[in-house]
Amino acid sequence: MTNKMWGGRFASGPSAIMAEINASIDFDRKLFAQDIAGSKAHAAMLAKQNIISKADLKAIHTGLDQIKTEIETGKFKFSPALEDIHLNIESRLKELIGERAGRLHTARSRNDQVITDVRLFVRDAIDHIDAGLADLQLALAKQAETHAATIMPGFTHLQSAQPVTFGHHMLAYVEMLSRDRGRFSDARKRLNENPLGAAALAGTSFPIDRHMTTKDLGFDQPMRNSLDAVSARDFILETLAASSICAIHLSRLAEEIVIWCSSQFRFVKLSDKFTTGSSIMPQKRNPDAAELIRAKPGRIIGAFTSVAIMMKGLPLAFNKDMQEDKEPTFDALDNLALAIAAMAGMVRDLEPNKDVLKAAANSGYATATDLADWLVQNLKIPFRDAHHVTGRIVALAEKKSCLLSELSLEDMQSISSGITKAVFKVLTVEASVASRTSFGGTAPVNVRRAAKRWLKFPKGK
Ligand code: ARG
């Protein structure tokens, strides 16, 4: 049997293998709501321009609404023989309203139809992701406010470096996510142009009004070049690039959480809601959600790579290759949204172990820089010399197995005679973080202020 939607000039139908490689209905059915919205806008415009009659429009709208309900309620029968979501819907429309259905495809092609659908879909996905990111920022900022003065070791090279506050660490991620949201909002701006009306590739001789469908579908303007309209996929690449960067950010926090909740670190406790047990080791509490979030960049960067390589070197305009843009895009956007939601849940429930964090901050001579700074400011010696003196004091503390703050004044003076007892004010981790009041520094006053700002303007940048 030839394809009943386009098989006019064909004597026979496709081979089974051809049908299988050609069909996209198993994945592009996800576009049904966008496809119906696009078709309704197109039909309304055709009627307004007197290209189809008001009666045709009414029948088409009623039919499309019914199809939407059928799909939403699982009653719709998808047919692989009809290839894709566009032909499945149009064919059902014909069953429902008869020959009038055939008028819907006037001045349109599946080439502009499909990419209108995908633009609408990606736009919705970006809005969903942005809302998720705003919620995650709130969860992080709330932890930051609560733990503005909770001291933990700050790391470089995963070695204790200087004390910081837990809140400051949380807010670092709020900043990253803010830039992610900026990238998504940029991508959204550029993708929000209407390709509908480009038809197959060259535009159409019908007197269509592309500004009307643009307005109806919430686009900012019609795309200016019909060849570009049907063949551009850079909005997908841009969104997947933003998704990749965002997934990388989430994976860094996920990795920290995995490390922090290990029994070697015990920095934080995760709730039962975001951990699993082991079927063999009863004592275990595994951070599966964090590990899965850590894994997501694999498939999300993979999606970017897959679409980029699919697009590379494609001549204008539409090529069937482009059908392969959908599965990776859907998969990446779904998984990113899920990872964001899981991270927000995990962060909300997470409990820092204050005592462990403080003890860790105290080990590793994390206030050595504070000592060196004190020497510079009070003994007026160059920083390089102060660094050397401090190194010798650290070595002495190491030898005596004590904290810097536990050395006696005589111990200190045996290395640098000018040191006075005032030095002890800067050697505690509390004093260290409190002194970091420079713009963007970790001092609790800064952290509290920044957290409050984020909590007040969750939509803010
Ligand atoms: N299923 C196709 C896609 O996903 C729709 C466009 C098909 N156009 C065509 N001329 N065969 O891109």
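Just follow the structure's listing: the first ligand is 1, and inside any ligand the first atom is 1. No hydrogens, no waters, no symmetry mates; every other heavy atom, side chains included, goes into these values.
The closest non-hydrogen atom to atom 10 (N) of ligand 1, taken over D321, V230, N111, comes from N111.
Given atom 5 (C) of ligand 1, the protein heavy atom at minimum distance is D84 OD2, 3.7 Å. Protein heavy atom in closest approach to atom 11 (N) of ligand 1: R110 NH2, 3.7 Å. For atom 6 (C) of ligand 1, the closest non-hydrogen atom of the protein is F318 CZ, 3.7 Å. Protein heavy atom at the shortest distance from atom 1 (N) of ligand 1 is Q323 OE1, 2.7 Å.
Inclusion of H86 in the set of residues having an N or O under 3.5 Å from an N or O of ligand 1 is not warranted.
Side chains of H105 and R108: a donor on one and an acceptor on the other come within 3.5 Å.
Salt-bridge annotation for E145 and K142: present, with a side-chain N of the basic residue lying under 4.0 Å from a carboxylate O of the acidic one.
Proximity to S24 (heavy-atom distance under 4.0 Å) selects the following atoms of ligand 1: 1 (N). Within the listing of ligand 1, atoms 3 (C), 4 (O), 12 (O) sit less than 4.0 angstrom from a heavy atom of K326.
At least one donor-acceptor pair under 3.5 Å links the side chain of D112 to the backbone N or O of G197.
Sorted by first then second residue, the salt bridge (charged side-chain N to carboxylate O under 4.0 Å, His left out) pairs that include residues 327-347, not counting sequence neighbours, are K30-D334, R299-D331.
In this structure, F121 has its ring center under 6.0 Å from that of F330.
Both tests hold for R123 against F219: distance to the six-membered ring centre under 6.0 Å, angle to the ring axis within 45°.
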